[in-house]
Novice: 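Take a look at this one; I'll ask things after.
Chain letters run A, B, ... following the sequence lines, proteins first and then strands; every chain starts at 1.
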Number of protein chains: 2
Amino acid sequence: MLPSDDAPVTAPSDVERGSGVALWRQIVERIEADIHEGHLAPGTRLPTEMELAERFGVNRHTLRRALATLNEQGLIEATPGRGTFVKEPPIRYPISSRTRFSEIVSGEGRAPSGRLIGSRVEPASAEIATALRLPPGSDVLRIDMLREADGVPITAGSHWYEAERCRDLDLLVAATGSVTRALETLGLGDYRRLETRITARLADEEDRRLLSLPAGRTVMVVEAINGDPQRRPIQFSRARFAADRVQLVVKN
Amino acid sequence: MLPSDDAPVTAPSDVERGSGVALWRQIVERIEADIHEGHLAPGTRLPTEMELAERFGVNRHTLRRALATLNEQGLIEATPGRGTFVKEPPIRYPISSRTRFSEIVSGEGRAPSGRLIGSRVEPASAEIATALRLPPGSDVLRIDMLREADGVPITAGSHWYEAERCRDLDLLVAATGSVTRALETLGLGDYRRLETRITARLADEEDRRLLSLPAGRTVMVVEAINGDPQRRPIQFSRARFAADRVQLVVKN
DNA sequence: AAACATTTGTGCGTATGTATC
DNA sequence: TGATACATACGCACAAATGTT
């Protein structure tokens, strides 16, 4: 069975044996390059493992080792019975003084949506009190949300507000599905991002459930402080982003 | 054997049974709070699992479930035979127009060091050519480095420079262990960060080897473009940060 | 070097509550 | 109302890593 003409690039057999670099690693680098150069567009289906193995002149096990690495890197995704596909590139998510989920997602040509998961008033922990510059233990309103682009979950997280200043904000969020619009209604539409802190970790059960992630994926944990035009903190948030669906971008 | 007086907080048995919230989850929240409030300082050793289980009045398995969650969250770390410890907080790593590894690490009161892993001249991939605004395939100098704070690996990555403009930069980096100082010698000390892109993924074998990470940890993949004062790109870099040792911070 | 205690890591079996069909 | 599946919780035993004597 000869390779068809419309097959993706991943050029035929140019791996060097005994070059000191493992065959599977050479294959990783070739396919990686093909994806980065744009020869393999997002959504493209790769040839079957058997076919690829033949082209590179290696055993299917060797090829699978390469595909496993590319999968770990988040570049491809394999489904039994369907094939292996080049993944869609992540949403570019700019972090700036004016960071708004819905605007960013719209700007990427995708449809944003938000869903209220829950809300309650609770005493502020030391961390949240510091961020919001409130006395520790003050009442804060906590709002848990899930946010999606084209129905795909992007981020899930909690937002904390000074309870007194933001009465009924949770109802407004539930009604509009948007924090921005809810804050506008309260006359706080002009908020701006003051600080953003970013770490990452393995997605736990809850992350996976909320964000519909398979096991072994990672989330970026993004803490943010938003304030009013006078830079007084209004909101502290801690959200988990599906790491392989988002790329955070900082411009200076 | 009674608990000693100097034992950490994690108050004795105040978990509610049949409250609708699983016991292990209540324990997570208590210890989490103790860490965040500062009652459990970084580096503190927690009581043994047996002891904690007794204090909370639960089975050791139940307690272990709570510890596993805290471990996933990166708050604690356990070693067989030694015990369970509250982790040191991550280095705060500000991303700004003037982002310098050594300055940041020094500013955190830690000793920065850098080690050259390798370097070579290679043709620019499409991505790198775009970032550096060079014709695709131009010669670029690639420098691979590992950077540490107090001897602990923080980040490993590649830096690409226009080959012509940065001749012998690799030798300077090898000599000084610092990209900043090497660039200064070439009269390019005044570079500034133009753009930063951040994603995250599970650490692969190479990441784990370079960064001395145990299996299952995550890395943040940070791509950066640095330019001269006229905002002409000088350097493109792609580095992997040990996610549980660093918190990237963006101020607006 | 060898024996030992301490502590976390892992496995098995069992019982109970809770949500779902 | 069952029937079923799943998460929670407990008890006991042993393996593996570490530090000390």
Novice: Indicate yes or no: at least one non-hydrogen side-chain atom of A:Ile154 is less than 4.5 angstrom from one of A:Val246.
Specialist: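 In short, these two side chains touch, coming nearer than 4.5 Å.
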Novice: Does A:Val219 reach the side chain of A:Leu213, with side-chain heavy atoms less than 4.5 Å apart?
Specialist: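 A:Val219 vs A:Leu213: side chains touch.
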Novice: Please state whether the phosphate of D:dA9, meaning OP1 or OP2, lies under 4.0 angstrom from any side-chain nitrogen or oxygen of B:Arg65.
Specialist: no
Novice: Rounding to a whole Å, what distance do you find between B:Glu72:CD and C:dG9:P?
Specialist: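 In whole Å, C:dG9 P and B:Glu72 CD are 13 Å from each other.
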Novice: B:Arg45 side chain N/O closer than 4.0 Å to the phosphate oxygens (OP1, OP2) of C:dT7?
Specialist: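 For B:Arg45, the contact criterion (side-chain N or O under 4.0 Å from OP1 or OP2 of C:dT7) is met.
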Novice: Before you tell me yes or no, could you show the steps for A:Arg245 and A:Val152 under side chain to side chain contact (heavy atoms under 4.5 Å, CB included), namely the whole-Å CA-CA distance, both residues' side-chain angles and the distance that decides it to 0.1 Å?
Specialist: CA-CA 9 Å; A:Arg245 295 178 194 151; A:Val152 179; 3.8 Å; yes
Novice: Does OP1 or OP2 of C:dT8 have a side-chain N or O of B:Thr84 closer than 4.0 Å?
Specialist: yes
Novice: State whether the distance check finds a donor on one side and an acceptor on the other, under 3.5 Å, for side chain B:His61 versus base C:dG9.
Specialist: no
Novice: Checking A:Thr62 side chain against A:Val58 main chain: does a donor-acceptor pair fall under 3.5 Å?
Specialist: no
Novice: Pick base, sugar-phosphate or nothing for B:Leu23, based on heavy-atom distances below 4.0 Å to the nucleic acid.
Specialist: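 Touches sugar-phosphate only.
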Novice: Round to the nearest Å and state the distance from B:Glu54 atom CD to C:dT7 atom P.
Specialist: 12 Å
Novice: For nucleotides 15-21 of chain D, give me one character per nucleotide, 5' to 3': B if any protein heavy atom sits under 4.0 Å from the base, S if the only such contacts are to the sugar-phosphate, - if neither.
Specialist: --BSS--
Novice: Between atom CG in B:Asn59 and atom P in D:dC12, what is the gap in whole Å?
Specialist: 9 Å
Novice: Measure from CE on B:Met50 to P on D:dC12 and round the result to the nearest Å.
Specialist: 11 Å
Novice: For the pair made of CZ in B:Arg64 and C1' in D:dG11, what is the distance, rounded to whole Å?
Specialist: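 It works out to 15 Å between those atoms.
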Novice: Quick one: do A:Asp244 and A:Arg217 satisfy salt bridge (Lys or Arg N to Asp or Glu O under 4.0 Å)? Show the steps, please.
Specialist: CA-CA 8 Å; A:Asp244 49 3; A:Arg217 290 308 157 85; 2.7 Å; yes
Novice: Could you tell me how far apart A:Arg209 (CZ) and D:dA7 (C1') are, to the nearest whole angstrom?
Specialist: 13 Å
Novice: Tell me: CG of B:Leu52 to P of C:dG9, nearest whole Å?
Specialist: 13 Å
Novice: Any cation-pi pair here, A:Arg167 with A:Tyr161, using under 6.0 Å and within 45°?
Specialist: no
Novice: Indicate the ring-plane relationship of A:Tyr93 and A:Phe241, choosing parallel, tilted or perpendicular according to the 30° and 60° boundaries.
Specialist: perpendicular
